[in-house]
Amino acid sequence: MKGNIDSLSDKKIKRASLLFMGLAHILYLKDYLKGCVFALIELLFLAFIPKMIKIINNLITLGTPKPHLPIFQRDNSTYMLFDGIITIIFILLFFFMYYISVKSARKSYQEYKIIGRKKGIKESLADITTGSFPFFGLLPALLLVVFFVLVPLIFSASVAFTNYSAPNHITPNNVVDWVGLENFRMLFGGDTLWAKALGRVSLWTLVWAFLATATCFFGGFIVAVILRESRIKIAPVFRGIFILPYAVPAVISMLVWQNLLNGSFGTVNRTLMKLGIIDNVIPWLGDPWLARFTVVMINLWAGYSYFMLLTTGSMTAISQDIYDAAKIDGANSFQVFRKITFPLVIFQTMPLLVMSFTHNINNFGAIFFLTGGRPVVADTATTSAGGTDILITWIYDLTINLQKYNLGAALAVMIFIILAPFAIFNFSRTKSFREGEL
Amino acid sequence: MRTLNKIIIYVFLVLTAIFTIYPLLYVFSAAFSKGQSISALSIIPFGDGIHFNHFRYLFKETNYLKWFRNTLIVAAMTSALTVLVASLSAYVFSRFHFTMKKTMLMTLLILQIFPSMLAMIAIYVLLLRLRALDTLWGLVMVYVAGNIPYNTWLVKSYMDTIPKSLDESARIDGASHLTIFFKVILPVASPIITFLAIVTFTAPWMDFIFPKMILRSAEKQTLALGLFGFVTDRKSEFGSFAAGSILVAIPFIIFFILAHKRMISSFGAGAVKE
């Protein structure tokens with residue numbers, strides 16, 4: 001018996017474990033518990049192969065129209081797409097398990113060579129319970145992320161390559177088909193109105209995100225510096241007031257502003273007219289350019305508190321020694337600010353500024369509740385994109401109101417592309433990446 | 001010169017304060033006014049006197065209390081589940097080595113940048129099949145899943161700073177992984193856990209898109225949906241909207257004013273650590 005195992009080579013273990021999951025565990029290592037679990041996984045996988053072939057086939061065709069059948073018996077393309085994506089993930093997971101099983105067999109063999117005897121059932125069980133803690137600890141998070149984040153994102157990216165849209169391709173009445181790059185062709189050049197709207201909205205999204213971040217940062221920073229440098233006694237009172245916009249939920253404050261800024265009966269215009277400052281109403285949210293300006297200003301109202309807190313925090317963290325040294329060198333307070341405070345605060349808050357920029361690219365609430373994407377511009381009747389619409393609010397319109405899921409998804413892909421560099425930036429600034437290990 | 005400076009500073013601060021308070025003043029004014037419409041609202045704050053009819057209307061004739069209760073349930077469940085799931089996976093990522101760990105961490109980092117909103121159609125289809133449409137737990141699942149990628153990283157980074165000798169000494173005493181997690185790591189990580197709990201508790205109060213998509217029936221609505229319903233294109237009940245809003249906003253405002261000193265120092269501490 002001993003000779004039998006001694007003559008084993010690593011190669012033999014590898015071959016057996018590659019042939020069938022768990023085979024090496026059962027045949028050579030006599031680790032029946034692990035071996036049976038692995039074998040069971042492979043058997044289950046084999047049993048489901050016919051079903052999986054059907055699902056993958058459905059994913060490729062997305063169903064065929066069956067108008068003669070009642071609605072609930074027709075092919076449902078969205079379900080097929082969904083099941084297809086999940087099945088592909090399960091197949092990948094299976095091959096991953098396969099890889100784990102081979103690795104585990106080889107590792108047990110190495111251990112056997114060192115300790116010189118096989119492990120009993122008890123030890124094997126103990127191995128599994130401690131070894132599988134990472135697996136069970138991550139399981140809830142993994143399931144949630146895979147089903148509610150990863151699969152949906154893949155799904156919506158896939159929809160960009162289909163014709164899933166009202167009125168003729170809405171499940172469950174009709175089927176959806178793959179159309180390749182058709183949607184992108186339409187958005188980028190096929191129809192000039194759409195191409196123009198896409199260019200306009202994408203540009204405004206970037207300009208908006210930049211202005212929104214910059215105004216809030218500098219607004220908050222200036223207020224923080226003044227409160228700190230002026231040394232007035234009631235600074236805490238002002239700080240308490242300035243924090244209020246941060247405390248009020250955005251849905252509420254944006255809807256309030258929308259009503260106050262209403263063209264004909266809003267409080268702002270009525271007050272200005274009563275005071276005799278203006279004669280005619282100002283279309284705060286009615287004129288495209290003025291509305292864009294207003295949106296940025298109201299966002300400044302909502303967002304400067306956060307940066308006031310942030311910069312106050314990072315200024316307190318700057319060591320007093322630097323300031324003392326500067327004073328000895330005879331620097332005046334403006335020089336101190338320009339050469340010390342400003343660069344240090346910028347440096348410290350840079351990652352948060354980038355985060356805030358990406359947040360503003362997707363800042364649905366600031367646009368939707370204030371203007372709803374309006375006012376109407378030349379191409380709005382066809383594309384539904386208004387003067388202040390950013391990509392994400394346009395996606396909302398296209399999906400929820402017009403049910404043009406395919407175009408909404410194509411725009412979502414655009415957002416993926418815009419955000420990808422920031423995802424990489426995020427990764428490169430993590431401590432573990434910089435230190436070379438994760 | 002010095003007094004001139006002081007005057008300029010005061011003028012700036014007072015103007016900023018007026019700009020900040022302006023809309024809030026009118027919300028309070030409208031909440032206690034008699035009429036519904038914004039056009040009838042006096043331009044002098046509280047110029048219409050103080051009435052309580054909007055509050056009476058909210059509690060007697062609308063589902064305001066139900067909306068409040070639903071939102072509270074969703075927020076509390078989201079917060080509790082996010083803390084549990086994210087901190088457990090953060091613990092695993094921080095303390096164990098296993099295959100694909102690096103890939104998983106990178107995937108989470110990339111996923112956290114995309115808002116769940118981009119995938120709303122797929123989430124709708126998924127909830128439809130799980131029979132979770134028009135249920136509060138369906139909404140909670142969506143929120144918790146969306147919270148995990150970023151917050152797992154957040155908590156993991158914090159746990160990485162807790163010395164490993166702490167769990168090792170507990171292990172020598174025979175504690176299991178789970179015991180170490182609950183009895184040793186979680187208490188030490190309580191600052192970040194508290195932060196996470198608060199942030200994930202406040203977010204659902206303000207969200208609109210997912211409740212709108214998932215919750216259909218009248219008695220399942222959340223506050224954001226209900227309040228939005230007062231000021232749609234079709235009707236304008238600004239008075240009731242304002243009354244309902246201040247009831248939500250006041251607890252938030254009190255909390256923020258009490259906590260803002262602490263927030264400043266935590267921002268400062270975070271900046272130093274970076």
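Atom set for the values below is all heavy atoms of this structure, side chains included, hydrogens, waters and symmetry mates excluded. Order of the sequence lines sets the chain letters (A, B, ...), proteins ahead of strands, with each chain counted from 1.
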Inset, instruction - For residues A/Tyr99 and B/Thr99, determine if any side-chain heavy atom of one lies less than 4.5 Å from a side-chain heavy atom of the other. - result: yes
Legend entry - Residues which pass salt bridge (Lys or Arg N to Asp or Glu O under 4.0 Å) with B/Arg95, listed by chain and number, not counting sequence neighbours: B/Asp167
Legend entry - Among B/Val142, B/Ile9, B/Thr16, B/Leu227, residue most engaged with chain A (heavy-atom pairs, under 4.5 Å): B/Thr16
Inset, instruction - Might you point out which heavy atoms bring A/Leu244 and B/Ile257 nearest each other, and give the distance in Å? - result: CD2-CD1, 4.1 Å
Legend entry - Part of B/Phe241 within contact of chain A (heavy atom distance under 4.5 Å): side chain
Inset, instruction - With a 4.5 angstrom heavy-atom cut-off, could you sort out which part of B/Tyr150 is near chain A: side chain, backbone, both or neither? - result: side chain
Inset, instruction - Check whether any side-chain heavy atom of A/Phe238 sits under 4.5 Å from a side-chain heavy atom of B/Val14, and report yes or no. - result: yes
Legend entry - Side chain / backbone / both / neither for A/Asn259 at chain B, heavy atoms under 4.5 Å: both
Inset, instruction - Evaluate the side-chain proximity of B/Leu128 to A/Tyr79: yes if any heavy-atom separation is below 4.5 Å, no if none is. - result: yes
Inset, instruction - Return the orientation label for the B/Phe256 and A/Tyr246 ring planes: parallel under 30°, perpendicular over 60°, tilted otherwise. - result: perpendicular
Inset, instruction - Name the region of B/Met213, side chain, backbone, both or neither, that has any atom closer than 4.5 Å to a heavy atom of chain A. - result: neither
Inset, instruction - Return the minimal non-hydrogen interatomic distance between A/Phe82 and B/Ala122, and the atom names on each side. - result: CE1-O, 3.5 Å
Inset, instruction - Pick one of side chain, backbone, both or neither for B/Phe181, based on which atoms fall under 4.5 Å of a heavy atom in chain A. - result: neither
Legend entry - B/Phe96, part contacting chain A, at a heavy-atom distance under 4.5 Å: side chain
Inset, instruction - Would you mind checking which part of A/Met297 comes under 4.5 Å of any heavy atom in chain B, side chain (CB onward), backbone (N, CA, C, O), both or neither? - result: backbone
Inset, instruction - For the residue pair B/Phe208 and A/Phe369, categorise the inter-ring angle as parallel (less than 30°), tilted (30 to 60°) or perpendicular (more than 60°). - result: perpendicular
Legend entry - Note, B/Val248 side chain near A/Val248 side chain (heavy atom, < 4.5 Å): no
Inset, instruction - Take the angle between the ring planes of A/Phe416 and B/Phe114 and call it parallel below 30°, perpendicular above 60°, tilted in between. - result: perpendicular
Legend entry - Residue B/Leu223 versus chain A: region with a heavy atom under 4.5 Å: neither
Inset, instruction - Quick one: which of A/Thr78, A/Val251, A/Val256 has the most heavy-atom pairs under 4.5 Å with chain B, could you say? - result: A/Val256
Inset, instruction - Among residues two or more places apart or on two chains, list those pairs meeting side-chain hydrogen bond (donor to acceptor under 3.5 Å, both in side chains) that have a residue in residues 107-119 of chain B. - result: none
Legend entry - Contact check, side chains of B/Pro23 and A/Trp301, non-hydrogen atoms, under 4.5 Å: yes
Legend entry - Flag side-chain contact, heavy atom, 4.5 Å: A/Leu227 against B/Leu13: yes
Legend entry - Part of B/Met141 within contact of chain A (heavy atom distance under 4.5 Å): both
Legend entry - Which portion of B/Ile148 sits near chain A, non-hydrogen atoms under 4.5 angstrom: side chain
Inset, instruction - Report the C-alpha distance between A/Thr267 and B/Tyr22 in whole Å, list the side-chain angles of each, state the deciding distance to 0.1 Å, and finish with yes or no for side chain to side chain donor-acceptor pair (under 3.5 Å). - result: CA-CA 10 Å; A/Thr267 330; B/Tyr22 179 82; 5.2 Å; no
Inset, instruction - Below 4.5 Å from any heavy atom of chain A, which atoms of B/Phe12 appear? Answer side chain, backbone, both or neither. - result: side chain
Legend entry - Interchain contact, B/Leu126 with chain A, by part (heavy-atom threshold 4.5 Å): both
Legend entry - Side-chain heavy atoms of B/Met104 within contact of A/Leu142, under 4.5 Å: yes
Legend entry - Per-residue contact mode, B/Leu127 against chain A (heavy atom under 4.5 angstrom): side chain
Inset, instruction - Determine whether A/Ser156 and B/Ile121 make a side-chain contact, defined as any pair of heavy atoms from C-beta on separated by less than 4.5 Å. - result: no
Legend entry - B/Leu225 portion near chain A, given a 4.5 angstrom heavy-atom threshold: neither
Legend entry - Portion of A/Ile361 that has a non-hydrogen atom of chain B nearer than 4.5 angstrom: neither
